[in-house]
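Data first, discussion second: the structure below is written as structure tokens.
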Amino acid sequence: MVGLENSQRRHLVLTAAGALCGLVVWLLTRGSGPVGDIRTATATGVCIAGAALAFTLSGVRPLWSTGFSAGCGAVAAGVVYWNLVAGPQADSSGGYDPGFAWQYLCLAAALGIALPVFQTVRDEGGWRLPYAGLHARSWENIVVAIGAGGFQLAVTLLFALWAGLFELIGVEFFADLFEEPAFTTVVGGASIALGISLVRDWPSVIATMQKALMAVLSVLAPLLALVLLLFLAFLPVTGLSKLWESTRHATPLMLGAVLFALLLVNTVIKDANDQLSSARVVRFGAVGLALAMLPLAIIAAVSTGIRIDAYGLMPERIWAMIFTGFAIAYGLSYLWPLARRFEGWADTVRTANVRLALALGTMFLLLATPLIDFRAISAKNQVARLLSGKAAPNTFDFAALKFDLGAPGRDALTDLRGMGGSVRADAIAAEVARIDKTRSRWDARTGSEAKAAGARVREALSRIRIYPAGKTLPANLAGYLTEEAVQFPGPVVDCGEEKVLRCAAVVADLTGDGLDDVVFFRETCPKVNGSPRCMNSSYGYRQTATGWTEGLRGEGVFFSNADGSLLDALAEGNMTMVPRQGLDLRVKGKRVGGLD
């Protein structure tokens, strides 16, 4: 093998390897057909192998690095192929798969954990994982990735400047060349690999940047500790009921707080006790964070449990269970040493970090595969809730079985389809028959959702001023807006929910067919440099003999200048209608909406 002790040789080898990876990716992805998933999986494996080689190849045991990189690529390709083609979650006919992207994030996390572990084992020449080496390699990879990203950005800007300069003199060759997929992938692969190699060539700079990054982040530890401990102290006063009222947000917020606390604690304790900050407030900040992690993780677990008890299992809730489980494990690992003895607690935490990282990496790799089918587990749980009477047929989400849970969900619907013989069984069979007629998730909205959407639309319309004076909204418009709001929150609904919005509507025959059309206006006027700066958007709805259609939805956005508030101008009567292909609405001569 080429001697890699010389950094210039390493740069050359990695640049060539990056270009080769880019070429292979281009060759694999330019085609289509029945082997598309195999190509996608192979291209992913090539990218992962090339990235791993760029991070690990050096003069120290280069064959180890080559083998590790090839292994990473093979694992990534296998996992992607399994998910796309051979696994139970490859069935995408149900619409969308909640939680499917988590498997790829788990794959990335598993490989991210494996990278510093391998680098440490390679440096040690055997299966030994000293905390100092593992911790240093982890932060080094983060710094290298940031530096390489900056290098890639500079390369991209350089090529953009290159193309732009020659376009000025009428030479389009370079702009056309740089937009070619083959050029982009080959040069992109080469520049990414070279950027990683170049940054790795400055270990003293990497160490300095790492030290600076950890020092800056460690300063935040006391502040975050104060925030989290105050939050926990307020809970007995405010009660937990407010958390459970917003359980959609409680779990991710708590898990995010635990993750942030985990990061900051480790920026404080570093590799060894002699590296701890001399500032006592920083050290006590780390202790405060360690004390707060477990209660926050428990709150996240209870929040997840409440949603599961109320609505049953779904893939995203199973993911939440797993993540809260690891949060509790970290919380216990950080709190237990403090409970036993304050002095030297950081040593125990460092040991726990290594063990938990290995367990986490293994679990992430398992979860990246479709070996455990969360959809089958969820479908079984949902049907059990329905048959046990915990969920009523008129409120049960049958659409989830058909559109969200793939083949296991549709198999469960098949089992339910033949039910009968009792009032409850007949109600279930009727709901299944209704779902059978739907073609998409949105067609399957329940009556309760339509009722709630109607209430939201009525609330919004009650806050909207109508112009010209004396006009009223057409009676059949509310029904159309309700149907729109059932599928997704429309722009009109926001007028009833976002109090900072001022809303108005212009009712006029804009098409000359004798039927009134409607253009809604929304406006906010935040202060900029002490004076209001109004932002407006318009949404047009055209009435025809057969009903309503959308007009200029989303195309009327503009920033007013000296004109001030659009809604004030409407109130003052400064509105005119100007004919063009359709008709425009103009305020003080400026087009603000209309219908095409």
Side-chain angles (χ1 to χ4, degrees), residues 87-100 102 244-248 251 302-322 370-457 479 482-489 493:
Q89 296 211 12
D91 170 25
S92 59
S93 58
Y96 84 101
D97 179 10
F100 188 36
W102 283 110
W244 313 145
E245 290 170 3
S246 59
T247 50
R248 282 183 178 272
T251 298
V302 174
S303 174
T304 303
I306 289 175
R307 288 198 63 80
I308 291 173
D309 181 66
Y311 304 108
L313 289 176
M314 287 295 284
E316 62 269 26
R317 292 171 200 146
I318 299 177
W319 284 108
M321 289 171 55
I322 293 169
L371 191 62
I372 303 175
D373 190 356
F374 289 175
R375 298 193 297 186
I377 297 171
S378 300
K380 183 177 180 180
N381 174 263
Q382 292 290 343
V383 171
R385 292 178 67 251
L386 177 65
L387 297 181
S388 67
K390 194 167 186 178
N394 63 332
T395 60
F396 183 77
D397 192 1
F398 289 92
L401 294 179
K402 181 174 182 178
F403 298 109
D404 297 348
L405 299 179
R410 292 191 295 277
D411 290 343
L413 275 179
T414 301
D415 295 337
L416 295 173
R417 194 172 289 120
M419 293 188 63
S422 67
V423 174
R424 183 178 181 81
D426 290 342
I428 292 174
E431 287 295 325
V432 172
R434 180 181 68 85
I435 291 297
D436 286 341
K437 298 176 183 178
T438 60
R439 293 178 296 175
S440 70
R441 188 67 166 89
W442 311 117
D443 293 339
R445 295 292 187 176
T446 64
S448 60
E449 289 173 310
K451 185 177 180 180
R456 296 169 70 190
V457 168
T482 298
E483 293 179 4
E484 181 183 64
V486 167
Q487 297 188 21
F488 52 86
V493 170

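All values derive from a computational prediction rather than experimental measurement.
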Report yes if some heavy atom in the side chain of [X] is under 4.5 Å from a heavy atom in the side chain of [Y]; otherwise report no.
X: Phe374; Y: Ile322; answer: yes
X: Ile377; Y: Asn381; answer: no
X: Phe396; Y: Ile428; answer: no
X: Asp397; Y: Tyr311; answer: no
X: Leu401; Y: Leu416; answer: yes

Within this structure, what is the [atom1]-[atom2] distance for the pair [X] and [Y], rounded to the nearest 0.5 Å?
X: Arg417; Y: Thr414; atom1: CZ; atom2: OG1; result: 4.5 Å
X: Glu316; Y: Thr251; atom1: CD; atom2: OG1; result: 11.5 Å
X: Asp373; Y: Ile318; atom1: CG; atom2: CD1; result: 9.0 Å
X: Leu313; Y: Lys380; atom1: CG; atom2: NZ; result: 11.5 Å

Among residues at least two apart in sequence or on other chains, which ones pass salt bridge (Lys or Arg N to Asp or Glu O under 4.0 Å) with Arg385?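 Salt bridge (Lys or Arg N to Asp or Glu O under 4.0 Å) check on Arg385 returns nothing, list empty.
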
Where do Leu386 and Ala391 come nearest, in terms of heavy atoms and distance?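 Distance-wise, the nearest heavy atoms are CD1-O, 3.7 Å.
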
Where do Pro408 and Ala376 come nearest, in terms of heavy atoms and distance? CB-CA, 3.6 Å

Evaluate the criterion side chain to side chain contact (heavy atoms under 4.5 Å, CB included) for residue pair Met314 and Ile308; output intermediate values, then yes/no. CA-CA 8 Å; Met314 287 295 284; Ile308 291 173; over 6 Å; no

Taking Lys402 for its side chain and Leu413 for its backbone only, find out whether a donor-acceptor pair lies under 3.5 Å.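 It does not hold such a pair.
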
Okay, side chain of Arg317, backbone of Gly312: is any donor-acceptor separation there less than 3.5 Å?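 Yes: the side chain of Arg317 pairs with the backbone of Gly312.
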
Any salt bridge linking Asp411 with Arg375? Criterion: basic side-chain nitrogen under 4.0 Å from a carboxylate oxygen.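 Arg375 and Asp411: not salt-bridged.
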
